[in-house]
Amino acid sequence: MKHIGAVQAVVTADEFDREPTDAELDAIAYETPLIVAEVELLDVQISLLDRPATEWDTRRLRRASRKVLAARRELTNRGATVSGVVA
C-alpha cells in the first residue's frame, strides 16, 4: 500500500511549529518581571502545601505577594503611559 501525503511544508506545517514573532517576544519580555514574581509566589505556596507555615514562611509568602502586586502595578502604569503617548 502506498502512503499518500502532502509534500509541501506549507500544507503540512502546524501552527505550533513556527518560531515566535518579534511582537510575541516583545510581549514576553514586557511581562517577564510579572512572570518571575508569579513563579516565586507559586514556589512559596507549593513549599507550604505539606507543612504548617512558620513565621519566616509567612514573611516569605507576604514578600512574594507584594512582588506580584508591584510587578502588576508597574505593568499597568507602563501600559497607561504607552497608550497615552500613542493616543
Side-chain angles (χ1 to χ4, degrees):
M1 185 166 154
K2 190 173 183 181
H3 177 71
I4 300 173
V7 179
Q8 299 173 349
V10 177
V11 174
T12 58
D14 191 14
E15 177 68 23
F16 302 107
D17 289 341
R18 63 174 179 78
E19 295 292 321
T21 64
D22 289 339
E24 291 170 336
L25 290 174
D26 289 342
I28 292 169
Y30 182 74
E31 293 182 5
T32 296
L34 177 59
I35 294 168
V36 169
E38 288 177 339
V39 167
E40 184 178 336
L41 177 61
L42 184 62
D43 182 49
V44 173
Q45 291 171 337
I46 289 171
S47 70
L48 295 175
L49 284 176
D50 60 345
R51 62 187 170 96
T54 63
E55 181 182 343
W56 291 106
D57 292 331
T58 305
R59 289 181 184 180
R60 188 173 165 220
L61 182 61
R62 271 198 319 258
R63 190 178 321 119
S65 297
R66 283 193 306 255
K67 283 183 181 180
V68 169
L69 291 174
R72 286 182 183 167
R73 183 186 65 232
E74 286 296 319
L75 282 177
T76 302
N77 289 342
R78 267 197 266 163
T81 303
V82 170
S83 66
V85 171
V86 173

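Starting from 1, each residue takes its place in the sequence as its number.
When hydrophobic clusters are built by joining Ile, Leu, Val, Met, Phe, Trp and Tyr residues whose side-chain heavy atoms come closer than 4.5 Å, directly or via intermediates, Leu34 is grouped together with Tyr30. Placement of Ile28 and Val68 in two distinct hydrophobic clusters is found when ILVMFWY residues are connected by side-chain heavy-atom separations under 4.5 Å, directly or transitively. Residues Leu42 and Leu48 fall into different hydrophobic clusters, defined by Ile, Leu, Val, Met, Phe, Trp and Tyr side chains chained together at heavy-atom separations under 4.5 Å.
Between Glu38 and Arg72 there is a salt bridge, since a side-chain N of the basic residue sits under 4.0 Å from a carboxylate O of the acidic one. Taking a cutoff of 4.0 Å between a charged side-chain nitrogen and a carboxylate oxygen, Arg59 and Glu55 qualify as a salt bridge.
Formation of a donor-acceptor pair under 3.5 Å by the Asp57 side chain with backbone atoms of Thr54 is found in this model.
In this structure Glu19 satisfies the side chain to side chain contact (heavy atoms under 4.5 Å, CB included) test with no other residue, sequence neighbours excluded.
The CD atom of Glu31 sits 14.0 Å away from the CD atom of Glu74 when rounded to the nearest 0.5 Å. Going from atom OG of Ser65 over to atom CD of Glu40 covers 10.0 Å, rounded to the nearest 0.5 Å.
Between Ser47 and Asp50, the closest heavy-atom pair is O-OD1, 3.6 Å.
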Note to self: side chain to side chain contact (heavy atoms under 4.5 Å, CB included) for Lys67 and Leu41? Distances and angles first, verdict last.
What the structure shows: CA-CA 8 Å; Lys67 283 183 181 180; Leu41 177 61; over 6 Å; no
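Between Glu24 and the choices Asp26, Asp22, Thr21, the side-chain contact (heavy atoms from CB on, under 4.5 Å) rule is met once, by Thr21.
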